[in-house]
Amino acid sequence: MLKRISNFFGKSQRQQNVGDRLVIPSGQHSLSPKMISRDARKVVDVLQENGYEAYVVGGSVRDLLLGLKPKDFDVATNAKPAEIKPLFRRSRIIGRRFQIVHVQFSRELIEVTTFRSNETKGQDKKGGGNRRQQTDSGMLTRDNVFGSISDDASRRDLTINALYYNPGDNSIHDFADGLEDIDNRTIRIMGDPATRFREDPVRLLRVVRFAAKLGFTIERSTEKPMRKLAGDLDHVSPPRLFDESLKLFMSGQGLATFWLLHEYGLFDHIVPQLSSLMKERNSLNSNLIEQAFTNTDLRIRSNKRVTPAFIYAALLWPSVQHLAKQYQGQGNSPAYALNKAAGEVIARQVSITAIPRRFTMPMREIWDLQLLLPRRGGQRAKRLSEHPRFRAAYDFVLLREQAGEELSGLGDWWTAYQEASEDKQQEMANIQNDGGKKRRRRKPRNAKPKVQ
Ligand code: ATP
Ligand code: MG
């Protein structure tokens, strides 16, 4: 497939420069309308039948050219949201930052966006035209100026994401040498890198995400301002940064993504509490994080379930332990110290990436169980193994051991326990000498309060 593109670029006479773009006609590339989902095709057809321009655009075109399965299909058109909506029965206009139309089919949702412009001409910086607003640091806060298809291409993030495919005549429209960058496996931001990163710092993360996911190289001028602008991530809203962090961590290339984020100083702005505890590679902490991503990547590749709770539990564990040790040093019980540390570490993280409660609760349970799993004598083992978070907590023990922590064979013991018959399980628990059978001493009922 790529060879086709290479051939194409080798023979420039096949190029058709049509005004602002390069058009690659049917037969000169590896795409065909059959590769597009039936619903996306339907949306494009209806728009075109009604006299509008319409293309499949973005990640799906990129992925198809690379022989990958697209996650979803997006459509771009010159029809305005209010013109698109009446053409489709189950459609609605959504979005504050960008107004887009969602067209719902039984099997998938197609996102339809109107061509937009990145132009500030004729408007003052604060958005005198009131549709495009920018903060003093250059960040866009509202961006709903409609434009031509070439305007739309230039406001996209990467050249490889700015390819437009028309299934009607099976042509690809390339406004920024995106095909050449796909061919050379290059990540290049559209336009002036620093300006585009300032407009939307999430683009820093997108550059890294696609570089890791596709195994592409970040082109030099794109890469140059990245470290310097990393701090702009602090201006991104916590809910958006949480969503982006999941895309980074759960891409199936989490480990590669993590090291790239680290390299560009971006990780410090996503999980800052970890960065100071992760100074050198091969330390226990860095092993833990590396192993957590390795395990997550493997699970994703074998279609196993992964939860953000487990990943964040691992990312924040070094900070929780560090702080818990301090509290214990001040004379608090291990359970109290852990609980207090967990609360504080989570609160700090949530102010950066808004992790929802449905994930922070299990994170705390996984951590709590790290204290409880070693105390497995008597009836405790059975009770612990029935805890709803047992499996995750057990996986977490294995992770800590894989990272090199010495836990006196705790992981192996629980592995054997789960594989054993009920009788054997009881026997295993009975020989644990960890106070499991002891009852807490009760205060005598009529004990008088001590008077000093
Ligand atoms: P994925 O496979 O992760 O869905 P994608 O490229 O489709 O990758 P989306 O987040 O679905 O990514 O975005 C769709 C398209 O919108 C992108 O291909 C890109 O052209 C454009 N886009 C998305 N986010 C930005 C951004 N922050 N700045 C500029 N353009 C963006
Ligand atoms: Mg997409």
Side-chain angles (χ1 to χ4, degrees), residues 36-37 39-40 43 55-77 94-95 97-102 108-119 132 134 138-145 147 149-165 172-176 178-179 181-182 187-216 222 226 229 232-233 235-237 240-241 243-254 257 266 300:
I36 305 299
S37 78
D39 301 331
V43 171
Y55 297 84
V56 174
V57 66
S60 53
V61 181
R62 173 200 71 218
D63 287 347
L64 286 174
L65 284 165
L66 287 165
L68 305 169
K69 190 175 178 296
K71 266 204 306 213
D72 42 37
F73 290 90
D74 297 325
V75 171
T77 175
I94 61 141
R97 220 172 106 81
F98 307 135
Q99 270 203 339
I100 58 177
V101 180
H102 274 176
E108 63 181 326
L109 177 85
I110 304 293
E111 232 172 63
V112 188
T113 48
T114 305
F115 296 149
R116 278 196 303 265
S117 163
N118 216 2
E119 281 300 316
R132 188 175 194 270
Q134 218 163 11
M139 193 157 95
L140 287 180
T141 49
R142 202 163 166 211
D143 181 11
N144 232 354
V145 186
I149 183 172
S150 78
D151 294 332
D152 192 72
S154 16
R155 62 130 204 117
R156 287 182 183 271
D157 55 351
L158 311 176
T159 59
I160 58 166
N161 287 344
L163 293 165
Y164 294 70
Y165 175 63
I172 299 177
H173 298 237
D174 182 357
F175 294 84
L179 279 172
D181 283 339
I182 287 194
I187 300 290
R188 187 193 310 270
I189 195 152
M190 301 280 295
D192 173 59
T195 310
R196 302 303 313 286
F197 288 134
R198 280 202 192 98
E199 276 178 4
D200 181 3
V202 163
R203 289 176 189 148
L204 293 160
L205 304 179
R206 292 180 60 91
V207 162
V208 163
R209 176 153 71 89
F210 291 113
K213 176 182 156 181
L214 305 172
F216 280 24
T222 296
M226 285 177 62
L229 295 176
D232 283 18
L233 282 174
H235 308 308
V236 177
S237 79
R240 185 162 181 232
L241 204 54
D243 289 346
E244 290 299 326
S245 73
L246 291 196
K247 291 186 198 166
L248 292 163
F249 301 155
M250 300 170 73
S251 64
Q253 291 292 346
T257 307
L266 301 171
I300 291 172

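In each ligand, atom 1 is the first atom listed, and ligand 1 is the first ligand listed. Please read all numbers here as calculations on a predicted model, not as lab measurements.
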Show your working on salt bridge (charged side-chain N to carboxylate O under 4.0 Å, His left out) between D157 and R209 and close with a plain yes or no.
-> CA-CA 12 Å; D157 55 351; R209 176 153 71 89; over 6 Å; no
Short N or O distance, N161 and ligand 1, threshold 3.5 Å exclusive | yes
Kindly identify the option in G59, G178, A162, A153 whose heavy atom sits closest to atom 7 (O) of ligand 1.
-> G59
Below 4.0 Å from any atom of ligand 1, is there a heavy atom belonging to D74?
-> yes
Below 4.0 angstrom from a heavy atom of F210, which ligand 1 atoms are there? Numbered from 1 as shown, please.
-> 6 (O), 8 (O)
List the steps and the verdict of side-chain contact (heavy atoms from CB on, under 4.5 Å) for D74 and T113.
-> CA-CA 8 Å; D74 297 325; T113 48; 5.9 Å; no
Proximal heteroatom of D72 relative to the Mg ion (ligand 2) (N/O/S) = OD1
The one among R206, R209, R156, R240 that brings a heavy atom closest to atom 22 (N) of ligand 1 | R206
Please state whether K213 comes within less than 4.0 angstrom of ligand 1, counting heavy atoms only.
-> yes
Just by modelled atom types, is the T159 backbone N or O under 3.5 Å from a matching donor or acceptor in the D181 side chain?
-> no
Within-shell test, E199 vs ligand 1, heavy atom, strictly < 4.0 Å | no
Validation: residues 55-62 side-chain donor-acceptor distances under 3.5 Å, sequence neighbours left out:
residue	atom	partner	partner atom	Å
R62	NH1	N161	OD1	2.6

Out of L205, D157, D243, who gets a non-hydrogen atom closest to atom 30 (N) of ligand 1?
-> D157
Nearest heavy-atom neighbours spanning T257 and A212 = OG1-CB, 3.3 Å
Under a 4.0 Å N-O cut-off, is there an ion pair linking D243 with K247?
-> no
Numbered in order shown, the ligand 1 atoms found under 4.0 Å of a heavy atom of G58 are 18 (O)
Ignoring hydrogens and angles, tell me if any N or O in the side chain of Y164 forms a donor-acceptor pair with the backbone of A76 under 3.5 Å.
-> no
With atoms numbered from 1 as shown, which atoms in ligand 1 lie under 4.0 angstrom from a non-hydrogen atom of D200?
-> 26 (C), 27 (N)
Is there a donor-acceptor contact under 3.5 Å from the side chain of T222 to the main chain of I189?
-> yes
Per-atom contacts, ligand 1 versus R155 - under 4.0 Å to a heavy atom | 29 (C), 30 (N)
